[in-house]
There are 2 protein chains.
Amino acid sequence: MPVTTKEREKVAAVFSGACTQKKVCPVKDIMASYGDKWTMYTVLLLGQHQKMRFNELRCHISGISQRMLTVTLRSLEEDGIVLRTLYPEIPPRVEYQLTELGESLLKPLLQLAIWAEENVGEVLKARKKYGKKNKEE
Amino acid sequence: MPVTTKEREKVAAVFSGACTQKKVCPVKDIMASYGDKWTMYTVLLLGQHQKMRFNELRCHISGISQRMLTVTLRSLEEDGIVLRTLYPEIPPRVEYQLTELGESLLKPLLQLAIWAEENVGEVLKARKKYGKKNKEE
DNA sequence: TTTACTTGGTTACTTTTAGTAACCGAAGGT
DNA sequence: ACCTTCGGTTACTAAAAGTAACCAAGTAAA
């Protein structure tokens with residue numbers, strides 16, 4: 001179904017309230033921060049499991065390196081999305097969980113994840129077609 | 001308000017349908033593709049204006065370079081999110097608009113944009129607090 | 001006693017990606 | 001003859017991501 005006029009007005013409202021001639025646009029700022037390879041995925045995982053340890057997360061996010069997981073979690077912690085709890089044991093135990101702010105982010109993120117799951121086929125089909133088109137030229 | 005059990009189950013469902021032991025996880029794949037500094041913002045802009053020319057987009061996305069706009073638009077075109085129409089005039093005129101697939105992406109992205117606008121204050125507050133905490137140590 | 005192993009990182013280095021600035025083509029205007 | 005326009009491309013540099021080795025400090029086995 002097509003995008004309604006009402007929805008388009010909503011986009012306009014968000015943009016005008018957020019961006020018009022201001023130096024910092026929150027939408028762009030947030031998109032730039034959470035738009036990277038691992039951040040959203042990490043938040044979704046924490047949303048599913050509630051409390052996760054460092055290596056538990058690492059196992060679930062296949063392909064992520066120790067360093068990138070650290071960097072990603074630190075950034076989320078800095079933004080108040082994730083709470084880090086260190087238990088001073090040996091070997092150390094660290095638990096990560098979403099804050100209230102993080103949980104509020106979970107909802108729109110879940111919508112995006114659902115879109116991704118539903119439309120990944122279409123996207124892959126389009127990519128294939130595009131590749132073919134360019135080879136033919 | 002907290003995340004409901006139902007919502008958490010939904011996250012689990014999306015993940016289990018998408019990721020369990022599969023080589024490619026669509027959620028991660030899409031998040032990795034559209035998770036960059038400019039892509040989501042560009043889609044939102046095209047969602048608002050419907051048809052936009054290259055330089056028109058460039059003016060609205062302050063800070064983006066010509067090259068990055070080209071790269072971003074090409075990637076979106078490849079994924080079937082954006083339609084590029086070249087009018088063979090001199091000087092050339094190129095119009096970009098969302099495809100049907102792109103418009104379907106607009107809805108979850110808008111939810112995310114609304115979250116960003118509503119919560120940017122909280123995030124900035126958290127960042128400030130985090131910075132202070134680390135200076136004190 | 002020495003060795004290996006644990007967790008949750010950090011450090012140094014390499015590779016990939018993003019960003020900057022200059023250039024392009026082809027017509028129109030001065 | 002030269003500048004402008006639009007929508008790029010090319011060559012180069014800076015920044016970010018990825019890789020691999022290392023660490024502390026205790027526990028467990030050899």
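In what follows, chains are A, B, ... by sequence order, proteins preceding strands, each numbered from 1.
The NZ atom of B:Lys37 sits 12.5 Å away from the OG1 atom of B:Thr39 when rounded to the nearest 0.5 Å.
Between A:Arg58 atom CZ and C:dT7 atom C1' there is a gap of 10 Å when expressed in whole angstrom units. Residue B:Ile64 contributes atom CD1, which lies 11 Å from atom P of C:dT20 at whole-angstrom precision. Note: CG (B:Leu86) to C1' (D:dG8) measures 11 Å, nearest angstrom. The distance from atom CD of B:Glu56 to atom C1' of D:dT5 is 16 Å, rounded to the nearest whole Å. If you measure from atom CE of B:Met52 to atom C1' of D:dG7, you get 15 Å, rounded to the nearest angstrom. As rounded to whole Å, 14 Å separates atom P of D:dC6 from atom CG of B:Leu57. One interatomic measurement links the two molecules: CZ of B:Phe54 to C1' of C:dC24, which rounds to 14 Å at whole-angstrom precision. Spacing between atom CD of B:Glu95 and atom P of D:dC6 amounts to 14 Å, rounded to whole angstrom units.
Between the side chain of A:Lys28 and the main chain of B:Ser62, a donor-acceptor pair closer than 3.5 Å is present. With A:Thr99 contributing its side chain and A:Leu83 its backbone, the two residues share no donor-acceptor pair below 3.5 Å. A donor-acceptor pair under 3.5 Å links the side-chain atoms of B:Glu56 to the main chain of B:Arg53, judged by distance alone. Here the side chain of B:Thr72 pairs no donor or acceptor atom with the backbone of B:Trp38 at under 3.5 angstrom. The backbone N or O of B:Glu100 lies less than 3.5 Å from no partner atom in the side chain of B:Glu103, so there is not a single donor-acceptor pair.
Taking every side-chain heavy atom of B:Ser65 into account, C:dT20 is the closest of C:dT20, D:dT19, D:dC6. Nearest nucleotide to the A:Asp36 side chain, out of D:dA17, D:dG8, C:dG8: D:dA17.
Across all strands shown, B:Tyr96 has heavy atoms under 4.0 Å from sugar-phosphate atoms exclusively, and none from any base.
With sequence neighbours excluded, the residues that form a side-chain contact (heavy atoms from CB on, under 4.5 Å) with A:Arg67 are A:Ser65, A:Val71. Remark: B:Arg127 pairs with A:Asp29, A:Asp79 by the salt bridge (Lys or Arg N to Asp or Glu O under 4.0 Å) rule, at least two apart or across chains. For A:Glu118, the salt bridge (Lys or Arg N to Asp or Glu O under 4.0 Å) criterion is met by no residue, not counting sequence neighbours.
Salt bridge absent: A:Glu9 and A:Lys6 never bring a charged side-chain N and a carboxylate O closer than 4.0 Å. With respect to A:Glu95 and A:Arg93, a salt bridge is recorded, a charged nitrogen being found less than 4.0 Å from a carboxylate O.
Remark on the helix from C:dT1-D:dA30 to C:dT30-D:dA1: inter-end axis angle 30°, axes from five-pair C1' superpositions, rounded to 10°.
Distances shown here put a side-chain N or O of B:Arg53 below 4.0 Å from the OP1 or OP2 atom of D:dG7. Of the side-chain N and O atoms in B:Arg84, one or more sit less than 4.0 angstrom from OP1 or OP2 of D:dG8. Dashed line: the shortest gap from a side-chain N or O of B:Trp38 to OP1 or OP2 of C:dG19 is under 4.0 Å.
A heavy-atom distance below 4.0 Å to DNA chain D is reached by these residues of residues 66-80 of chain A, ordered by number: A:Arg67, A:Met68.
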Under the side chain to side chain contact (heavy atoms under 4.5 Å, CB included) criterion, do A:Leu46 and A:Leu57 qualify, and how do the steps go?
-> CA-CA 8 Å; A:Leu46 285 171; A:Leu57 272 163; 4.2 Å; yes
What string of B, S and - do you get for nucleotides 25-30 of chain D, 5' to 3', when a contact is any protein heavy atom under 4.0 Å?
-> BS----
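Checking A:Lys37 against B:Asn55, the closest nucleotide of DNA chain D that is more toward the 5' end is the one next to B:Asn55.
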